[in-house]
K.L.:
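Below you will find the structure I want to go over with you.
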Amino acid sequence: VQLQASGGGLVQPGGSLRLSCAASGFSLDRYAIGWFRQAPGKEREAVSCFRNSDVSPYYVDSVKGRFAISRDIDKNTVYLQMNSLEPEDTAVYYCATDLGVGDCRSYMTGSLSMDYWGKGTQVTVSS
């Protein structure tokens with residue numbers, strides 16, 4: 001199982017970025033995949049998650065209406081479209097998965113943990 005996150009960069013407040021997470025060794029069609037972030041000096045925070053069998057994607061309250069998670073099954077890739085970026089969104093963003101049966105809410109709230117993590121991609125929102 002491998003995950004490769006990319007797409008980070010420097011963007012001005014109000015701008016947009018799209019992060020990609022390319023997966024290999026398993027199918028995105030079957031398991032939950034989530035985005036997390038960690039800002040300097042802060043704990044890691046769950047951001048968003050997609051699982052095919054969930055009713056809808058999961059978003060942490062602070063990104064609802066601004067971020068959107070999607071996937072391309074043919075490319076086995078998950079995307080995080082981030083709009084209206086704020087300085088508070090500055091962090092290293094990671095994608096992760098767990099080859100288990102938990103739903104996104106369980107992984108995002110910490111009831112379950114994800115076992116496979118990609119290297120992060122830095123997102124900096126600054127003028």
Side-chain angles (χ1 to χ4, degrees):
V1 174
Q2 289 191 335
L3 298 166
Q4 180 64 54
S6 61
L10 173 64
V11 63
Q12 292 186 344
S16 299
L17 281 174
R18 188 178 78 157
L19 305 184
S20 299
C21 177
S24 60
F26 71 103
S27 174
L28 287 174
D29 194 39
R30 297 185 61 186
Y31 304 106
I33 186 160
W35 285 98
F36 298 78
R37 66 186 179 186
Q38 188 165 21
K42 294 187 177 181
E43 293 188 354
R44 188 173 63 202
E45 176 188 33
V47 176
S48 182
C49 179
F50 184 96
R51 190 178 76 143
N52 190 41
S53 54
D54 287 355
V55 173
S56 60
Y58 177 98
Y59 299 98
V60 68
D61 285 346
S62 60
V63 308
K64 284 181 180 178
R66 301 189 297 122
F67 290 13
I69 191 169
S70 63
R71 62 172 185 164
D72 185 326
I73 290 299
D74 291 338
K75 295 181 179 180
N76 215 33
T77 298
V78 169
Y79 303 98
L80 185 67
Q81 178 67 43
M82 307 187 296
N83 300 324
S84 302
L85 282 162
E86 303 168 353
E88 293 74 22
D89 297 316
T90 295
V92 178
Y93 284 70
Y94 302 88
C95 56
T97 191
D98 179 76
L99 305 185
V101 298
D103 61 9
C104 274
R105 180 165 293 278
S106 298
Y107 291 116
M108 293 288 103
T109 58
S111 298
L112 295 174
S113 61
M114 292 192 166
D115 289 338
Y116 301 95
W117 294 80
K119 293 183 179 179
T121 184
Q122 176 71 47
V123 172
T124 302
V125 185
S126 175
S127 56

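The model shown is predicted, which means the values in this text are computed figures rather than measured ones. All residue numbers in this chain count up from 1 along the given sequence.
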K.L.:
Linking I/L/V/M/F/W/Y whenever any side-chain heavy atoms sit under 4.5 Å apart, do Phe50 and Tyr31 land together?
P.N.:
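Yes, it is one cluster - the side chains of Phe50 and Tyr31 are joined through contacts under 4.5 Å.
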K.L.:
Rounded at 0.5 Å granularity, tell me how far NZ in Lys119 sits from OG in Ser6.
P.N.:
13.5 Å
K.L.:
Would you mind reporting whether Leu3 and Thr97 have side-chain heavy atoms less than 4.5 Å apart?
P.N.:
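Sidechains of Leu3 and Thr97: in contact.
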K.L.:
Quick one: pull up CG in Leu28 and CZ in Arg51 and give me the separation to the nearest 0.5 Å.
P.N.:
13.5 Å
K.L.:
Would you find more than 12 non-hydrogen atoms of other residues, nucleotides or ligands less than 6.0 Å from Gln2 atom CD?
P.N.:
no
K.L.:
Tell me yes or no: between the side chains of Asp98 and Tyr107, is some donor less than 3.5 Å from an acceptor?
P.N.:
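Yes, Tyr107 and Asp98 have a side-chain donor paired with an acceptor closer than 3.5 Å.
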K.L.:
How close do Ala91 and Gln122 get, counting heavy atoms only, and between which atoms?
P.N.:
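Looks like O-NE2, 3.5 Å.
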K.L.:
When you look at OH of Tyr116, are more than 12 heavy atoms from neighbouring residues, nucleotides or ligands closer to it than 6.0 Å?
P.N.:
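No, because the 6.0 Å sphere around OH of Tyr116 holds 12 heavy atoms or fewer from other groups.
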K.L.:
Answer yes or no: is there a side-chain heavy-atom contact under 4.5 Å between Leu99 and Val1?
P.N.:
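Side chain of Leu99 against side chain of Val1, heavy atoms only: contact under 4.5 Å found.
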K.L.:
Could you report the tightest heavy-atom contact between Ala32 and Met114, atom names first, then the distance?
P.N.:
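Result for this residue pair: O-CE, 4.1 Å.
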K.L.:
Could you tell me if the side chain of Asp89 sits less than 4.5 Å from the side chain of Arg66, heavy atoms only?
P.N.:
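Side chain of Arg66 against side chain of Asp89, heavy atoms only: contact under 4.5 Å found.
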K.L.:
Quick one: pull up CG in Asp103 and CG in Leu112 and give me the separation to the nearest 0.5 Å.
P.N.:
7.5 Å
K.L.:
Tell me if the centroids of the rings in Trp117 and Phe36 come within less than 6.0 Å of each other.
P.N.:
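Yes - the distance between ring centres of Trp117 and Phe36 falls below the 6.0 Å cut-off.
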K.L.:
Would Tyr59 and Ile69 count as a side chain to side chain contact (heavy atoms under 4.5 Å, CB included) here? Give the steps.
P.N.:
CA-CA 9 Å; Tyr59 299 98; Ile69 191 169; 3.4 Å; yes
K.L.:
Look at Arg71 together with Asp29 and state whether they make a salt bridge at an N to O cut-off of under 4.0 Å.
P.N.:
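Yes, Arg71 and Asp29 are salt-bridged.
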K.L.:
Nearest 0.5 angstrom please: Ile73 CD1 to Asn52 CG, how far?
P.N.:
6.5 Å
K.L.:
Kindly say whether Arg105 contributes a backbone atom to a donor-acceptor pair with the side chain of Thr109 at under 3.5 angstrom?
P.N.:
yes
K.L.:
With the 4.5 Å side-chain cut-off for hydrophobic clustering, are Tyr94 and Val125 part of the same group?
P.N.:
no
K.L.:
What's the spacing between Gln4 CD and Thr121 OG1 if we round to 0.5 Å?
P.N.:
8.5 Å
K.L.:
Counting C-beta onward and ignoring hydrogens, is there a side-chain heavy-atom pair between Ser126 and Leu10 closer than 4.5 Å?
P.N.:
yes
K.L.:
Considering only heavy atoms from C-beta outward, does the side chain of Val78 approach that of Trp35 to under 4.5 Å?
P.N.:
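Yes, at least one pair of side-chain atoms sits under 4.5 Å.
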K.L.:
Main chain of Tyr58, side chain of Ser48: is a donor-acceptor contact present, judged purely on distance under 3.5 Å?
P.N.:
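Yes, Ser48 side chain to Tyr58 backbone: donor-acceptor pair under 3.5 Å.
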K.L.:
Can you confirm whether Val123 sits close enough to Thr90 that some side-chain heavy atom of one is under 4.5 Å from a side-chain heavy atom of the other?
P.N.:
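No, too far: nothing below the 4.5 Å cut-off.
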K.L.:
Go through the steps to decide whether Ser62 and Glu45 satisfy the test side chain to side chain contact (heavy atoms under 4.5 Å, CB included), and finish with yes or no.
P.N.:
CA-CA 11 Å; Ser62 60; Glu45 176 188 33; 4.0 Å; yes
K.L.:
Taking the side chain as C-beta and beyond, is there a heavy-atom pair between Pro13 and Pro87 under 4.5 Å?
P.N.:
yes
K.L.:
Any donor-acceptor pair under 3.5 Å linking the side-chain atoms of Asp72 with those of Thr77?
P.N.:
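No, no side-chain donor-acceptor contact under 3.5 Å.
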K.L.:
Measure the CG-SG distance between Leu80 and Cys21 for me, rounded to the nearest 0.5 Å.
P.N.:
10.0 Å
K.L.:
Tell me whether Val92 shares a hydrophobic cluster with Ile33, the cluster being built from Ile, Leu, Val, Met, Phe, Trp, Tyr side chains joined at under 4.5 Å.
P.N.:
no
K.L.:
Taking the side chain as every heavy atom from C-beta outward, state whether Ser16 and Gln81 have any atom pair closer than 4.5 Å.
P.N.:
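With C-beta onward as the side chain, the pair touches.
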K.L.:
Regarding Arg18 and the six-membered ring of Tyr79, is the cationic atom NZ or CZ under 6.0 Å from the ring centre and inside 45° of its axis?
P.N.:
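Yes - Arg18 lies over the ring of Tyr79, closer than 6.0 Å to its centre and within 45° of its axis.
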